[in-house]
> 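This is the structure, below, for whatever I ask next.
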Amino acid sequence: MPNPLIVSSSGLSASVEGVKKAVEAGAGAVVLKSLFEEDIAAAVEQTRTEVSESHPEAESYLQQMGMILEPDEYLSFVESSVRLVDVPIIASLNCYSTNWWADYARRIEKVGANAIELNVAPLATSSKIGASQLEDELVAVVELARRVVKIPIAVKIGQYFSALPHLVVRLHQAGADGLTLFNRYYRFDIDIEKIEFKPGNPLSVREEFTPVFRWIGIVSNLTNLDIASSTGIHGAPDVIKSLLAGGDAVQLCSVLYREGLSAMAAIKENLETWMKRHNYSTISDFQGLLSFKKRGAYYQRIQYVKALKELST
Ligand SMILES: Cc1cc2nc3c(=O)[nH]c(=O)nc-3n(C[C@H](O)[C@H](O)[C@H](O)COP(=O)(O)O)c2cc1C
């Protein structure tokens, strides 16, 4: 990557035109909009219906094969994006409850994606499924992906893991090459007059970044996984914090929706100005200076006792 700014998987990276604009605006890499499991499932269903109507005997074959799918639009999107730009193109697959996506991972590799980001979103809604089972399923997804593709695999997860360092090491052992911490899942809200749900704010605010750099700092030295921060990165200071905590790159989304793709140029310029002011000529000169490995005691301070004492004096 020419620089550590990645455009996140989102509507900004949902078309070849969007990818082109992102790269022209200075993105160091682009994660394409995810292909969602439900899209694949819908395509399977359509194919199955078409096949079973024309060749009823073919359906069981189709099932045995796992799939013969055609949302080829995504594949040609990946292929065209790779051809068009000279920064890494990372395809994104939402995969969790089934193995259908594995065939897509193979196809995505074949059409030339430089890497795949697995967008995995386990949501604990059952009292019968414990944390370790959810984590086992996540690890199994990565193991399967590792078996089917050779290109680098990044795993994008949400914030809600109780023992993240343990999980990170397992994901590494399962064959991941990178981590994206964290996905910011769709947030819904409640309309208290209509007694009904309503959409929440799809875009983050900068304050959401604070817990992100805490976790980046804690896990950055555990393995040699490349780590990209995601959620709440709204300016050069957040990029710098992420790198100081030991992250390798940052993903930008909400800031680009709010301020436009030109925000990347300003972030880069401010990063360079800060580096010059601190006499750093490369990112590795300061990367990880404030990681857990270097400054563990500070990370242990998760209670407010001292801060509250200071406030009351
Ligand atoms: C409109 C929109 C669409 C998104 N679509 C995806 C997606 O397809 N796959 C994915 O992994 N993340 C998706 N995300 C999440 C972003 O990639 C990103 O992780 C999240 O917005 C947090 O980063 P931010 O604070 O910079 O916005 C989407 C976010 C937005 C706002």
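One-based numbering, in listed order, for ligands and for the atoms of each. Values reported hereafter were calculated over all heavy atoms of this structure, with side chains retained and with hydrogens, waters and symmetry mates removed.
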> Are any of the N/O atoms in Ser254 less than 3.5 Å from those in ligand 1?
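Yes, there is a polar N/O contact under 3.5 Å.
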> How close does the nearest protein non-hydrogen atom get to atom 14 (N) of ligand 1, and which residue and atom is it?
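The answer is Ser9 O, 3.2 Å.
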> Do Ser34 and Asn119 have a side chain donor and acceptor closer than 3.5 Å?
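Short answer, yes.
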> Within the structure, does His234 bring an N/O atom to less than 3.5 angstrom of an N/O atom in ligand 1?
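For ligand 1, there is no N or O atom that lies under 3.5 Å from one belonging to His234.
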> Atoms of ligand 1 less than 4.0 Å from Asn183 heavy atoms?
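Counting atoms of ligand 1 from 1, those under 4.0 Å from Asn183 are 11 (O), 12 (N), 15 (C), 19 (O).
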> Ring centroid separation for Phe292 and Trp215, is it under 6.0 angstrom?
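Not under 6.0 Å, so no.
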> Going through the distances and angles, do Glu208 and Arg184 end up as a salt bridge (charged side-chain N to carboxylate O under 4.0 Å, His left out)?
CA-CA 10 Å; Glu208 293 177 42; Arg184 180 182 188 273; 2.7 Å; yes
> Can you pull the salt bridge (charged side-chain N to carboxylate O under 4.0 Å, His left out) pairs that have at least one residue in residues 230-242, sequence neighbours excluded?
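Salt bridge (charged side-chain N to carboxylate O under 4.0 Å, His left out) check on residues 230-242 returns Arg206-Asp238.
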> Against heavy atoms of Lys33, which atoms of ligand 1 measure under 4.0 Å?
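In order of numbering, the contacting atoms are 3 (C), 4 (C), 5 (N), 6 (C), 7 (C), 8 (O).
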> What class does the angle between the rings of Tyr74 and Phe77 fall in, given that below 30° is parallel, 30 to 60° is tilted and above 60° is perpendicular?
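Geometry flag for Phe77 against Tyr74: perpendicular rings.
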> Does any N or O atom in Cys253 lie less than 3.5 angstrom from one in ligand 1, N or O only?
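Yes; at least one N/O pair falls below 3.5 Å.
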> So, 4.0 Å and heavy atoms of Tyr257: is ligand 1 close enough to count as a contact?
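Flag set, Tyr257 near ligand 1.
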> Heavy atoms only: which of Ser8, Ser10, Ser229 lies closest to atom 3 (C) of ligand 1?
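Shortest heavy-atom distance from atom 3 (C) of ligand 1: Ser10.
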> Which of the numbered atoms in ligand 1 are below 4.0 angstrom from a heavy atom of Ser230?
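Counting atoms of ligand 1 from 1, those under 4.0 Å from Ser230 are 18 (C), 19 (O), 22 (C), 23 (O).
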> Please tell me whether Ser291 and Asn221 have a donor and an acceptor in their side chains that are separated by less than 3.5 angstrom.
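A donor-acceptor contact under 3.5 Å links the two side chains.
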> Within ligand 1, which atoms have a heavy atom of Pro202 less than 4.0 Å away?
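Going through ligand 1 atom by atom, the ones under 4.0 Å from Pro202 are 31 (C).
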> To the nearest 0.1 Å, how far is atom 9 (N) of ligand 1 from its closest protein heavy atom, and which atom is that?
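Nearest protein contact, heavy atoms only, for atom 9 (N) of ligand 1 is Ser34 OG, 2.6 Å.
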> If we count only N and O atoms by modelled type, under 3.5 Å, do the side chains of Thr282 and Asp285 hold a donor and an acceptor together?
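Present: a donor and an acceptor within the cut-off.
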> Identify the protein heavy atom lying closest to atom 20 (C) of ligand 1, giving its residue, its atom name and the separation to 0.1 Å.
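Protein heavy atom with the smallest distance to atom 20 (C) of ligand 1: Arg184 CB, 3.8 Å.
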> Ignoring hydrogens and geometry beyond distance, is a side-chain donor-acceptor pair present between Glu117 and Ser9 at under 3.5 Å?
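No, no side-chain donor-acceptor contact under 3.5 Å.
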> Do you know which two heavy atoms are closest between Leu289 and Lys294, and how far apart they sit?
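Nearest heavy atoms, Leu289 then Lys294: O-CB, 3.6 Å.
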> With heavy-atom distances below 4.0 Å as the criterion, list the atoms of ligand 1 near Ser204.
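Listed by number with element, the hits are 24 (P), 25 (O), 27 (O).
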> Ligand 1 and Gly232, any nitrogen or oxygen pair closer than 3.5 angstrom?
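Yes: some nitrogen or oxygen of Gly232 is under 3.5 Å from one in ligand 1.
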> Using a 4.0 Å cutoff against the non-hydrogen atoms of Thr231, which atoms of ligand 1 qualify?
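Near Thr231, meaning under 4.0 Å from one of its heavy atoms, ligand 1 has 22 (C), 23 (O), 24 (P), 25 (O).
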> For Arg83, what residues pass the side chain to side chain donor-acceptor pair (under 3.5 Å) criterion, not counting sequence neighbours?
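For Arg83 the side chain to side chain donor-acceptor pair (under 3.5 Å) partners, ignoring immediate neighbours, are Glu79.
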> Does a side chain donor of either His172 or Asp177 reach within less than 3.5 Å of an acceptor in the other side chain?
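The criterion, which ignores hydrogens and geometry beyond distance, is not satisfied for Asp177 and His172.
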> Just heavy atoms, cut-off under 4.0 Å: does Lys156 contact ligand 1 by side chain, backbone, both, or neither?
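Within the 4.0 Å criterion, Lys156 contacts ligand 1 through side-chain atoms alone.
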> Report the part of Asn119 in contact with ligand 1, treating N, CA, C, O as backbone and CB onward as side chain, heavy atoms under 4.0 Å; options are side chain, backbone, both, neither.
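Looking at Asn119 and ligand 1, just side chain atoms fall under 4.0 Å.
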